[in-house]
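The sequence lines fix the lettering, A, B, ..., with proteins before strands; numbering per chain opens at 1.
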Amino acid sequence: MNFVEELKWRGMIHDFMPGTGEQLQKEMTTAYVGIDPTADSLHIGHLVSIMMLKHLQRAGHKPIALVGGATGMIGDPSGKSEERNLLSEEELRHNEQSIKRQLLKFLDFDAGPNSAEIVNNYDWISGFSFLGFLREVGKHLTVSYMIAKDSVKNRLETGLSFTEFTYQLVQAYDYLYLYRNKNCKLQMGGSDQWGNITTGAELIRRKTGGEVYALTCPLITKADGTKFGKTERGNVWLDSRYTSPYHFYQFWLNCSDEDTERYIKIFTLFSKEEIDALIAEHKEAPHRRALQKALAEDITIRVHGKEAYDTVVEASGILFGQSTAEALHKLPEDVFLAVFDGVPLFEVGHGEVEQGIEMVDFLSEKTQVAKSKGEARRMLKEGSISINKTRVSDTDKVDANQLIAGRYLVVQRGKKNHYLVRVKSG
RNA sequence: GGGGGGGUUCCAGAGCGGUCAAAUGGGGCAGACUGUAAAUCUGUUGGCUUCGCCUUCGGAGGUUCGAAUCCUUCCCCCCCCA
C-alpha cells in the first residue's frame, strides 16, 4: 500500500495537490512538516503531523521535521483569532532542544538514505536581511494573493499586524529553502496550513519553475464537539513533567467509542486488518473497551515506555477496580507509591491526624480537594468523596486508624479524581 | 460631529426600589444508569464562624429606612446618520 492510500484509509487526508501521489510513486521523495516551538514539549495535537512523517518514512520516503525557531518568533495567524505574543530567543532555543529529544522517539534517524532529519528555520532565516528578504521573497508574490488566504482574510476585520501578515512569506521561504537544499518536494500539515503551504508552492514555481506538492490532514475533532487534546488539566503533553504517564494513559482510555475508532487509525501503526479486528471485538463486548485499551497501550508505550505503561495499568486497576480498603492496606509501599505517582499529593501534620480532623476542614483547608468549605460540604452531601475506597460524610472524621502504611490516605472525588495525602512526621 | 443601545454572578442573557446571592439556558462538578464511553434523568454551581452573617450586578459618589434597580459623574463597548 502506498503512502497516499495508507493515509486515506486512516482518515488522515483532508486535501492534496494534484500530482502528489504520482510524485511519491515516481521516486523517493523528501517531505516536511513544521512545528512551532511554542512550548518545551510537544502535545498530542502535534502527534498527527508526526504520524504523517512516520507513515511517509515507512513508505520509503524521507521525512524532515522543521522546528520553527524563526517562524515561532513571528506567530502564525492561521486558526488564531488574536495576535500572538512573541517568545524570546532564549525560550525558543530551549523549546527547540526539548522538542528534538521527543522527536527521536518517533522517527528513525538512522535509516540510510531515508533517515529522518530535523532542521531549524532559524538557521537560514535569522541571517536574512530585511532588504534581502524583500528582494528575494516579497517581490514574487502580490498582496492580493496574500490577502486572499483565509488565515489573513478572517483577521482583516479584527486586526492583524504586518508581522503576522508576513508569516506566510517566511513559511513559503522555508519551503523554497528546503526544495533547493534538500530537494524537498512535499509539505504536509494540518488543514489550517493549506494556505501557507500553497504560498510556498507558488513561490517555488515563480522563482524556480519547480513543481512541488502539498498534503494536509483534517483537524482532529471529538464527537461531542469539544476541542481535541484538552482535559480539565489543560493540554495533554508528551512530557511527563506536564502530563503524568497515568493521566496520559487515562486520556486515551477515556475516549468515546466513536472517537476511538478514528483515533486508533491515526495514532497507532496497527494495520487495517488488526484495527478491523479490534473494532469487531469491541462491538462484540463494548464494556471491555478493547479498542480504547489497545490505543492507550500502544501510544503510552511509545511515548513513555513499557515500564511506565505497566505501572500505569496497575495503578488504573487499583484506582478504578473493585479494590477495597483492605486491598489498599495490603499493597507493599513501593508498589503503592508507584501506583500513585502523578496523582496530586497533599501533606498534613501528624499531630493533626492523631487528634482527628473534621471532614470539611480536611477537604478544604488541610488539602485542596475542595476550593472552599462550601464546596467541601456540597461534595460530602452529594456523596462524591471516598477515603480509602470508603464513602464518607460530613460527620466523619479523619483519624490515624485509617492511615495506609502508617502515613497515607487515598482520597477520591467522584469516580475519576484521586488524591494522595501524606502525613508529615512531627 | 449628530442620534441611539449597552456594560449583571464561568459564558449567554433576564431583572429595573424591598419577597435578589439575583429567572432561564449553556458550561462546570457530582449522583443514578453503564463500560472509568455516549445518551438520558437528578442534584449542585459566591464566601463564611451557615436556621444567620459578609462580599458581589463596569468605577466613584449620592438619593432612600432600603438600590443590580433612581440621580450625578467617570471609564469601556456596540449600532445608525454624517
> In whole Å, what separates the C1' atom of B:C75 from that of B:A60?
Replying inline: 10 Å

> Rounding to a whole Å, what distance do you find between A:Leu380:CG and B:G31:C1'?
Replying inline: 14 Å

> Got a sec, which pairs hit salt bridge (Lys or Arg N to Asp or Glu O under 4.0 Å) with one end in residues 52-66 of chain A, sequence neighbours left out?
Replying inline: A:Lys62-A:Glu117

>> Between P on B:A37 and CD1 on A:Ile264, what's the gap in Å once rounded to a whole number?
In response: 19 Å

>> Whole angstroms only, please: what is the NE2-P distance between A:His247 and B:U36?
In response: 18 Å

>> Does anything in residues 346-367 of chain A form a salt bridge (Lys or Arg N to Asp or Glu O under 4.0 Å)? List the pairs, not counting sequence neighbours.
In response: A:Glu347-A:Arg422, A:Glu352-A:Lys366, A:Glu358-A:Lys397, A:Asp361-A:Lys373, A:Glu365-A:Lys373

>> Less than 4.0 angstrom between a side-chain N/O of A:Asn417 and OP1 or OP2 of B:A30, yes or no?
In response: yes

> How far, in whole Å, is B:C11 from B:U45 if one measures between their C1' atoms?
Replying inline: 13 Å

>> If you count every heavy atom of other residues, nucleotides or ligands that lies below 6.0 Å from A:Glu274 atom CD, does the total exceed 12?
In response: yes

>> For a quick test of reading the model: is some side-chain N or O of A:Lys416 closer than 4.0 Å to OP1 or OP2 of B:A37?
In response: yes

> With both distances kept under 3.5 Å, what pairs with B:C33, Watson-Crick or G-U wobble?
Replying inline: none

> How would you list, by chain and number, every residue that makes a side chain to side chain donor-acceptor pair (under 3.5 Å) with A:Glu382, sequence neighbours excluded?
Replying inline: none

>> Can you tell me the base-pairing partner of B:G25? Count Watson-Crick or G-U wobble geometry only, both distances below 3.5 Å, and say none if there is no partner.
In response: B:C11

> When the P atoms of B:A32 and B:U9 are considered, how many whole Å apart are they?
Replying inline: 33 Å

>> Rounding to an integer number of angstrom, what distance separates B:A23 and B:G43 when you compare their P atoms?
In response: 15 Å

>> Rounded to whole Å, please give me the gap between CZ in A:Arg413 and P in B:G28.
In response: 13 Å

> Quick one: what's the B/S/- string for nucleotides 39-48 of chain B, heavy-atom cutoff under 4.0 Å, read 5' to 3'?
Replying inline: ----BSS-SS

>> Between B:C71 and B:G18, how far apart are the two P atoms, rounded to whole Å?
In response: 15 Å

> Mind checking the C1' distance from B:A22 to B:A67? Whole angstroms is fine.
Replying inline: 13 Å

> Mind checking the C1' distance from B:C57 to B:G7? Whole angstroms is fine.
Replying inline: 10 Å

> Quick one: A:Leu291 CG to B:A38 P, roughly how many Å, whole number?
Replying inline: 15 Å

> Does A:Tyr242 have any ring pair (Phe, Tyr, Trp, His ring centres under 6.0 Å) partners at least two apart in sequence or in another chain, and if so, which?
Replying inline: A:Trp237

>> Taking pairing as Watson-Crick or G-U wobble with both contacts under 3.5 Å, can you name the mate of B:G1, or confirm there isn't one?
In response: B:C81

Protein-nucleic acid N or O pairs under 3.5 Å, nucleotides 32-35 of chain B:
| from | atom 1 | to | atom 2 | distance (Å) |
| --- | --- | --- | --- | --- |
| B:U34 | O4 | A:Lys415 | NZ | 2.7 |
| B:G35 | O6 | A:Asp257 | OD2 | 3.0 |
| B:G35 | N1 | A:Asp257 | OD1 | 3.0 |
| B:G35 | N1 | A:Asp257 | OD2 | 2.9 |
| B:G35 | N2 | A:Asp257 | OD1 | 2.8 |
| B:G35 | N2 | A:Gln292 | NE2 | 3.2 |

> Taking only residues two or more places apart in sequence or in another chain, which ones pass side chain to side chain contact (heavy atoms under 4.5 Å, CB included) with A:Ser393?
Replying inline: A:Thr395, A:Asp396

> Between A:Asp361 and A:Tyr249, who's closer to the 5' end of RNA chain B by nearest nucleotide?
Replying inline: A:Tyr249

> A:Glu358 CD to B:U49 C1': how many Å, rounded?
Replying inline: 13 Å

> Considering the options A:Leu363, A:Val369, A:Leu420, which one meets the side chain to side chain contact (heavy atoms under 4.5 Å, CB included) requirement together with A:Phe346?
Replying inline: A:Val369

> Which residue pairs satisfy the salt bridge (Lys or Arg N to Asp or Glu O under 4.0 Å) criterion with at least one member in residues 329-341 of chain A, sequence neighbours excluded?
Replying inline: A:Glu333-A:Arg407

>> Regarding A:Ser316, tell me which of base, sugar-phosphate or nothing describes its non-hydrogen contacts under 4.0 Å with the strands shown.
In response: base

>> Assess, by modelled atom type and distance only, whether the side chains of A:Ser364 and A:Glu375 contain a donor and an acceptor separated by less than 3.5 Å.
In response: no

>> Could you work out, with ring pair (Phe, Tyr, Trp, His ring centres under 6.0 Å) as the rule, every residue matching A:His46, not counting sequence neighbours?
In response: A:His43

> Judged by modelled atom types alone, do A:Ser41 and A:Gln102 share a side-chain donor-acceptor pair under 3.5 Å?
Replying inline: yes

> In the structure shown, which nucleotide is the Watson-Crick or G-U wobble counterpart of B:U69, with both distances under 3.5 Å?
Replying inline: none

> Can you tell me how far C1' of B:C29 sits from CD1 of A:Ile385, to the nearest Å?
Replying inline: 11 Å

>> Suppose you measure atom P in B:C41 against the same atom in B:G26; what distance do you get, rounded to whole Å?
In response: 10 Å

> According to the Watson-Crick and G-U wobble definitions, with both distances under 3.5 Å, which nucleotide is paired to B:A38?
Replying inline: none

